[in-house]
Amino acid sequence: MGIERPVPDWDLIVETLKVISKKTTVPTVFDFSYRKSTPFQILISTIISLRTKDSVTYASSKRLFGKAPDPVSIFKLETGTIARLIYPAGFYRRKSENIKKIAKILLDKYNGEVPKNIEDLLELPGVGRKTANLTLGLSFGIPALCVDTHVHRIPNRMGWVDTNTPDKTEFALVKILPEKYWIEINELLVAFGQTICTPVSPKCSKCPFKDNCPQIEVDKSR
DNA sequence: AAAACGGGGGC
DNA sequence: GCCCCAGTTTT
C-alpha cells in the first residue's frame with residue numbers, strides 16, 4: 001500500500017490560502033473572468049493562458065475582446081489578425097487558428113453558446129481537461145476541478161497526493177477534496193504558487209504550511 | 001545562456 | 001508514455 005499521509009484539514013487550508021490570494025495583485029485570468037466575462041470569453045481567455053503568463057493573458061484577452069467580444073465577431077477576423085491581437089501569448093499562431101475554429105463550431109453546432117458539459121468541450125480544438133474544467137467552473141458554477149501545473153505541483157509537494165501526471169492529480173484530488181472547494185481551489189493555489197510555493201526556489205520561509213510540508217524535510221535550505 | 005512559463009495533441 | 005510546440009521573462 002501507499003505511504004501514510006495525514007488527512008489535510010481543508011477548511012483551514014482554504015482559509016489560509018484565501019489570506020495569501022488577497023495579498024496578490026497580479027492580474028489573472030480569474031480577475032478578468034469572474035466579474036465581467038461571458039462563458040465564451042472565459043473559454044477563449046483560458047485558451048490564451050495556455051503556457052502563458054497571467055499578465056500577458058490578461059492583456060491579450062483584453063485586446064482581443066475589445067475588438068471582437070463574441071463568436072460572431074471573432075469568426076469574421078483573419079487568423080493573422082487574431083494572432084496579432086493576442087501576441088505575445090505563447091503558441092499564438094496555433095491558438096489563433098483554434099480560436100477561430102472554436103468560434104465556428106460554437107456557431108454551427110451550439111447556437112453560438114458554450115457547451116455545458118465536459119464531453120462537448122473536449123471536442124473543441126485546443127481544449128483539454130484543464131481548459132474544459134476551468135470553463136465549466138467559472139462560466140456555469142459547475143463543480144469541476146481544474147488541474148494546471150500549480151494544482152499539480154503543490155498538492156504533490158505538500159504530500160496531499162502522490163501522482164506523476166496532472167490527470168492523476170485531478171482524479172486523486174476529486175476523491176479527497178470536498179466538492180465545495182473544487183472551483184476555487186484553482187485560483188487559490190495559483191495565487192499561492194505564484195507568490196510562495198513557486199516552481200523553482202519556493203519561498204518556504206514565508207510559507208504558512210512549512211511545518212506540515214514534507215518538502216522541508218527533503219531540502220532544509222529552502 | 002539556460003530554464004521556466006497556469007497544456008494539448010499526435011504518435 | 002514521449003516528444004514537440006513559441007516567444008518572452010527570469011535566473
Side-chain angles (χ1 to χ4, degrees), chain A residues 17 20-21 24-34 37 41-64 79-80 82-102 105 118-139 144-158 160-161 163-171 173 177 181-204 219 221-222:
Chain A
L17 288 173
I20 294 168
S21 76
T24 311
T25 55
V26 184
T28 72
V29 63
F30 303 99
D31 298 328
F32 187 62
S33 303
Y34 272 138
S37 280
Q41 292 185 359
I42 291 170
L43 170 61
I44 299 301
S45 62
T46 307
I47 299 269
I48 294 173
S49 78
L50 182 142
R51 298 291 278 177
T52 301
K53 291 192 183 251
D54 301 333
S55 53
V56 174
T57 300
Y58 181 77
S60 296
S61 303
K62 208 171 170 182
R63 269 198 306 279
L64 178 62
T79 55
I82 299 174
R84 181 172 50 78
L85 288 167
I86 67 174
Y87 181 88
F91 303 110
Y92 61 91
R93 231 185 309 261
R94 184 203 302 170
K95 285 177 190 171
S96 62
E97 291 177 6
N98 284 338
I99 287 170
K100 182 159 178 172
K101 283 182 194 168
I102 288 173
I105 293 170
I118 192 165
E119 293 81 9
D120 288 341
L121 283 170
L122 290 176
E123 293 286 317
L124 301 173
V127 176
R129 298 196 66 84
K130 183 250 176 178
T131 306
N133 280 327
L134 190 67
T135 300
L136 288 173
L138 295 188
S139 296
L145 186 58
C146 168
V147 176
D148 55 37
T149 57
H150 291 299
V151 184
H152 175 57
R153 178 186 73 257
I154 296 170
N156 275 287
R157 217 179 239 174
M158 294 290 185
W160 301 336
V161 300
T163 64
N164 54 9
T165 69
D167 281 359
K168 290 177 187 171
T169 300
E170 181 188 335
F171 298 124
L173 267 183
L177 177 68
Y181 293 137
W182 286 3
I183 296 176
E184 66 183 323
I185 197 70
N186 182 275
E187 183 185 6
L188 294 174
L189 287 183
V190 168
F192 180 48
Q194 284 177 329
T195 53
I196 296 174
C197 199
T198 49
V200 182
S201 30
K203 320 292 184 287
C204 296
D219 185 354
S221 69
R222 284 171 169 157

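So you know, we letter chains A, B, ... as the sequences are listed, proteins then strands, and number each from 1.
Residue A:Y58 contributes atom OH, which lies 17 Å from atom C1' of B:dG6 at whole-angstrom precision. Between A:R84 atom CZ and C:dG7 atom P there is a gap of 16 Å when expressed in whole angstrom units. Here the C1' atom of nucleotide B:dC5 and the NE2 atom of A:H150 are 8 Å apart, to the nearest Å. Nucleotide B:dC5 holds its P atom 7 Å from the CZ atom of A:R153, rounded to whole Å. The distance between atom CG of A:D167 and atom P of C:dC2, rounded to the nearest whole Å, is 15 Å. The separation between A:R51 atom CZ and C:dT10 atom P is 16 Å, rounded to whole Å. In this entry the distance linking NZ of A:K95 with C1' of C:dA6 reads 9 Å, nearest Å.
Of the side-chain N and O atoms in A:T149, one or more sit less than 4.0 angstrom from OP1 or OP2 of B:dG7. For the OP1/OP2 pair of C:dG1 and a distance below 4.0 Å, the side-chain nitrogens and oxygens of A:K168 include at least one atom meeting the criterion.
The line from CG of A:L121 to OG1 of A:T135 is 6.0 Å long, rounded to the nearest 0.5 Å. The distance from the CD1 atom of A:I82 to the OG atom of A:S60 is 12.5 Å, given to the nearest 0.5 Å. Note that CG of A:L134 is 8.0 Å distant from CD1 of A:I42, once rounded to the nearest 0.5 Å.
Under the salt bridge (charged side-chain N to carboxylate O under 4.0 Å, His left out) criterion, A:R94 pairs with no residue at all, not counting sequence neighbours.
With C:dT9, B:dG7, C:dG7 as the choices, the nucleotide that has an atom nearest any side-chain atom of A:F91 turns out to be B:dG7. Residue A:K53 has its side chain nearest to C:dT10 when only C:dG7, C:dT10, B:dA4 are considered.
Between the side chains of A:S96 and A:T79, no donor-acceptor pair is found at a separation under 3.5 Å.
With A:I48 as reference, A:I86 is the one residue of A:I86, A:V56, A:L85 to meet the side-chain contact (heavy atoms from CB on, under 4.5 Å) rule.
When the nearest nucleotides of DNA chain C are assigned to A:V56 and A:T52 by heavy-atom distance, the more 5′-ward of the two goes with A:T52.
In this structure, B:dA4 forms a base pair with C:dT8, meeting either the Watson-Crick or the G-U wobble geometry with both donor-acceptor distances under 3.5 Å.
Two residues are said to be in side-chain contact when any heavy atoms from C-beta on lie closer than 4.5 Å; A:P125 and A:I105 meet this criterion.
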Considering only nitrogen or oxygen atoms on both sides, find all protein atoms under 3.5 Å from nucleotides 8-11 of chain B and state each distance.
| from | atom 1 | to | atom 2 | distance (Å) |
| --- | --- | --- | --- | --- |
| B:dG8 | OP1 | A:G128 | N | 3.0 |
| B:dG8 | OP1 | A:T131 | N | 3.1 |
| B:dG8 | OP1 | A:T131 | OG1 | 2.5 |
| B:dG8 | OP2 | A:K130 | N | 3.4 |
| B:dG9 | OP1 | A:G126 | N | 2.6 |
| B:dG9 | OP1 | A:V127 | N | 3.4 |

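C:dG1 and B:dG6: their P atoms are spaced 25 Å apart (whole Å).
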